[in-house]
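Residues: numbered from 1 along the sequence shown.
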Amino acid sequence: MAAVSAPWLLPIVFLAIWQWASSSEVVSAQLLPTPTKVLHTLWELTINGTLGYHIGVSLQRALIGFVIGGGIGFLLGVLSGRYLGFYRLFDTSIQMLRNIPHLALVPLVIIWLGIDEGAKIFLVSLGVMFPIYVNTYHGIRSVDPGVVEMAKVYGLRSGSLFRHIILPGALPSIFVGLRYALGVMWLTLIVAETIATDAGVGYLALNAREFMQTDIIILSILLYAAFGKGADVFAKLLERKALRWSTEHRVGH
C-alpha cells in the first residue's frame, strides 16, 4: 500500500498548498487560480469538445514525429552497432549533429519548412532521433561477443542471429533510450507548438496568454506533464513485458 501511495504524496501536498495559497489570497487568484478553478476549466473545455480537439492535434504531432525520428535513430543505431565500416563513416557526423541544440534550429527550420505541420514534426523527429540512436548503438555493442559466437556455432546467421540474440540483449539499453526520447519528445513539442499555429495544446496556452486566462495556461502545462507521465508509464509497461525473461528487470520493477 505504501509503495502505491508514496509517489502521490508530494503532488497531493503541493495541490493542498496551492489551493490554500490561492483561496486565502496569499497569491492573487488572477495570477494563480485555484486547482478547483483549473478543474472547472478542464470540465468546460472537455464538455464543449475544445480540449479533445487540441489534445488530438498535439498527440498526432508527437506520434508522427516519434515514429519518424525513432525509426531513423533505431536504424542508424543498428547499422552502427553491427557494421564497423558504417560506424566509422557516419558516427562522427551524427555525434556532431547531436551536440547541436535542436531547439536552437527553430528559426532555420521556419525558413526551410515554413510554419505548417512539417516544421513541428521535423523538430520532434530530430529531438527523438539521437537518444534512440545512442542507446541502440550502445545496447548492440554491449551484447556479449561470446554469446554471439556461440549462436553462430549453433547455426544462427544474419537475421536470425539479430532477432534471437542481438536484439534481445540490446533491449534494456534501447528502452532507456526510448524513455529518454519520450521526455525529449514532449519538451520539443511544447516549443514547436509556439510556432504560429491554430491548434494544439500549445496553441491553447498561447491564445490564453493573450487574454490573461491563467487557468487555461496552467491547465496546458498540467496536460503536458500528464502526457509525459503517461508516456513513461506506457514505456515501463512495454519494457516489463519485453524483458520478462530477465530476472534483473523482474526484480527491479
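- No continuous path of hydrophobic side-chain contacts links L45 to Y53 [ILVMFWY only; heavy atoms under 4.5 Å].
- For the pair I72/Y133, no side-chain contact is recorded, criterion being any heavy-atom separation below 4.5 Å from C-beta on.
- Residues T188 and G127 come closest through the heavy atom pair OG1-CA, 4.4 Å.
- Shown here is H40, whose NE2 atom has no more than 12 heavy atoms of other residues, nucleotides or ligands within 6.0 Å.
- Under the 4.5 Å side-chain contact rule for hydrophobic residues, L123 and L108 share a cluster.
- Considering all non-hydrogen atoms of both residues, G139 and A170 come closest at C-CB, 3.4 Å.
- For CZ of F162, the number of neighbouring non-hydrogen atoms (other residues, nucleotides, ligands) closer than 6.0 Å is greater than 12.
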Before giving the answer on side chain to side chain contact (heavy atoms under 4.5 Å, CB included), spell out for L182 and D232 the whole-Å C-alpha distance, their side-chain angles and the decisive distance to 0.1 Å.
CA-CA 7 Å; L182 286 171; D232 188 63; 5.9 Å; no
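- No continuous path of ILVMFWY side-chain contacts below 4.5 Å connects L84 to I140, so the two sit in separate hydrophobic clusters.
- Looking at R240 and L237, their side chains come closer than 4.5 Å, going by heavy atoms from C-beta outward.
- Within a 6.0 Å radius of CZ in F86, other residues, nucleotides and ligands contribute more than 12 heavy atoms.
- Not a single side-chain hydrogen bond (donor to acceptor under 3.5 Å, both in side chains) links N99 to another residue, sequence neighbours left out.
- In this structure the side chain of E193 reaches within 4.5 angstrom of the side chain of Y224, judged on heavy atoms.
- Surrounding CD of Q60 are at most 12 heavy atoms belonging to other residues, nucleotides or ligands under 6.0 Å away.
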Set out, in order, the CA-CA distance, both residues' side-chain angles and the distance that settles side chain to side chain contact (heavy atoms under 4.5 Å, CB included) for H54 and L223, then state yes or no.
CA-CA 11 Å; H54 290 293; L223 284 174; over 6 Å; no
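- Contact annotation: the side chain of T50 approaches that of L204 to within less than 4.5 Å [non-hydrogen atoms, C-beta and beyond].
- You'll find the side chain of I190 stays beyond 4.5 Å of the side chain of I221, heavy atoms only.
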After noting the C-alpha distance and the side-chain angles of I94 and F130, does the key distance pass the side chain to side chain contact (heavy atoms under 4.5 Å, CB included) rule?
CA-CA 8 Å; I94 293 173; F130 297 114; 4.0 Å; yes
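- Clustering ILVMFWY residues whenever any of their side-chain heavy atoms sit less than 4.5 angstrom apart, transitively, puts L76 in a cluster other than the one holding Y137.
- Between T136 and V78 the shortest side-chain heavy-atom distance falls below 4.5 Å.
- Contact of the R82 side chain with the I166 side chain is registered, since non-hydrogen atoms from C-beta on lie closer than 4.5 Å.
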Full working for side chain to side chain contact (heavy atoms under 4.5 Å, CB included) between R61 and V124
CA-CA 8 Å; R61 290 168 178 159; V124 173; 5.7 Å; no
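- F66 and A181 make their closest contact through CE1-CB, 4.2 Å (heavy atoms, listed as atom of the first residue, atom of the second, distance).
- The two residues I218 and P33 make their nearest non-hydrogen contact at CD1-CD, 3.6 Å.
- Linking Ile, Leu, Val, Met, Phe, Trp and Tyr whenever their side-chain heavy atoms come within less than 4.5 Å puts L178 and V143 in one cluster.
- Heavy-atom minimum distance, S173 versus N135: OG-O, 2.7 Å.
- Side-chain atoms of V201 and F227, non-hydrogen and from C-beta on, do get closer than 4.5 Å to each other.
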